[in-house]
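All heavy atoms count here, side chains included; hydrogens, waters and symmetry mates do not. Quantities reported herein were computed from a predicted structural model and do not represent experimental measurements. Atoms within a ligand are numbered from 1 in the order they appear, just like the ligands themselves.
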Amino acid sequence: MLHYPPLPTVTDGTVCGDRCGEHTDYGIITLVFCDSQPGLQVLSRSARYLDANPRPGRVLVNIGDLMQRWTGGRLHSARHRVLAPTDPKLRSQPRYSLVYFTQCDDEYIVRPLLGDPDSFPPVKTGEHMRRRFEETFQLGQGIDPQLPPL
Ligand SMILES: O=C(O)CCC(=O)C(=O)O
Ligand SMILES: [Fe+2]
């Protein structure tokens, strides 16, 4: 369960930052269950951010980096972010989302099962996950640099 705390009121008209910076998910698929608070945006293949607004009963299914590798790039690990709202009422409220990440066993080697087998080098799941955590938390790099750009 992710808890995004309430944000201070903006009085000077400055644009507020993200609640969660742009990133791709590391694993196979992610299920995102969100409350009524908006903010989640997904980058389209034409490089436009699209709102993925919550609706009762809606579940967002995200493709992760390993799924992109597994499908030889046929499924795309989309960049996404959670924007901080500008509306003072929304800012004064917390945002909650329930996020379920899936991945393979650490020893499992992910290689393309579709398309060109050389499109991605094989990676051991555990090593991939460790590298992505390090990139995110030490280098502030939320996008897998080994995946091709959009
Ligand atoms: O809170 C959300 O709606 C999405 C969070 C997310 O993208 C993540 O935890 O990877
Ligand atoms: Fe994510």
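- When non-hydrogen atoms are compared, ligand 1 lies under 4.0 Å from neither the backbone nor the side chain of T30.
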Discussion item. Go through it in stages, so that I can follow the logic: the residues are Q41 and L83, the test is side-chain contact (heavy atoms from CB on, under 4.5 Å), and I'd like the CA-CA distance, side-chain angles, deciding distance and then a yes or no.
Written reply: CA-CA 7 Å; Q41 293 192 319; L83 278 192; 3.4 Å; yes

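- Which parts of ligand 1 touch F101 is read off a 4.0 Å heavy-atom cut-off, strictly below it: atoms 8 (C), 9 (O), 10 (O).
- In plain terms, the two heavy atoms of Y96 and C34 that are nearest each other are O-SG, 3.8 Å.
- Ligand 1 places these atoms under 4.0 Å from at least one heavy atom of V32: 3 (O).
- A pairwise comparison of heavy atoms in T102 and I29 identifies OG1-O, 2.7 Å as the closest pair.
- A cation-pi arrangement, defined by a distance under 6.0 Å to the six-membered ring centre and an angle within 45 degrees of its axis, is present between R81 and Y49.
- The CD atom of Q141 sits 9.5 Å away from atom CD of E22, with the distance rounded to the nearest 0.5 Å.
- Note that the CG atom of L114 and the OG atom of S119 stand 9.0 Å from one another [nearest 0.5 Å].
- Residue-to-ligand polar distances place Y4 within reach of ligand 1: an N/O pair is separated by less than 3.5 Å.
- The N, O or S atom of D25 lying closest to the Fe ion (ligand 2) is OD1.
- Those atoms of ligand 1 that come under 4.0 Å of a heavy atom in L2, given as number and element, are 1 (O), 5 (C), 9 (O).
- The proximity of N62 to ligand 1, defined as any non-hydrogen pair under 4.0 Å, does not occur for either the backbone or the side chain.
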Item to complete: Step by step, work out the salt bridge (Lys or Arg N to Asp or Glu O under 4.0 Å) result for E135 and R131.
Response: CA-CA 6 Å; E135 284 160 0; R131 180 176 61 78; 2.7 Å; yes

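- Look at R95 and you'll find a heavy atom under 4.0 Å from some atom of ligand 1.
- H23 contributes NE2 and H80 contributes NE2; the angle these two atoms make at the Fe ion (ligand 2) is 90°, rounded to 10°.
- Counting atoms of ligand 1 from 1 in the listed order, those under 4.0 Å from a heavy atom of D25 are 10 (O).
- Taking the six-membered ring where the residue is Trp, Y108 and W70 present perpendicular rings, their angle passing 60° and hence far from 30°.
- The heavy-atom pair separating H76 from I63 by the smallest distance is O-CB, 3.3 Å.
- Of all atoms in ligand 1, listed by their number and element, those nearer than 4.0 Å to a heavy atom of H23 are 6 (C), 7 (O), 8 (C), 10 (O).
- Heavy-atom contacts of H80 reach the following atoms of ligand 1: 7 (O) (cutoff under 4.0 Å).
- Set against the non-hydrogen atoms of V82, the atoms of ligand 1 under 4.0 Å away are 1 (O), 2 (C), 4 (C).
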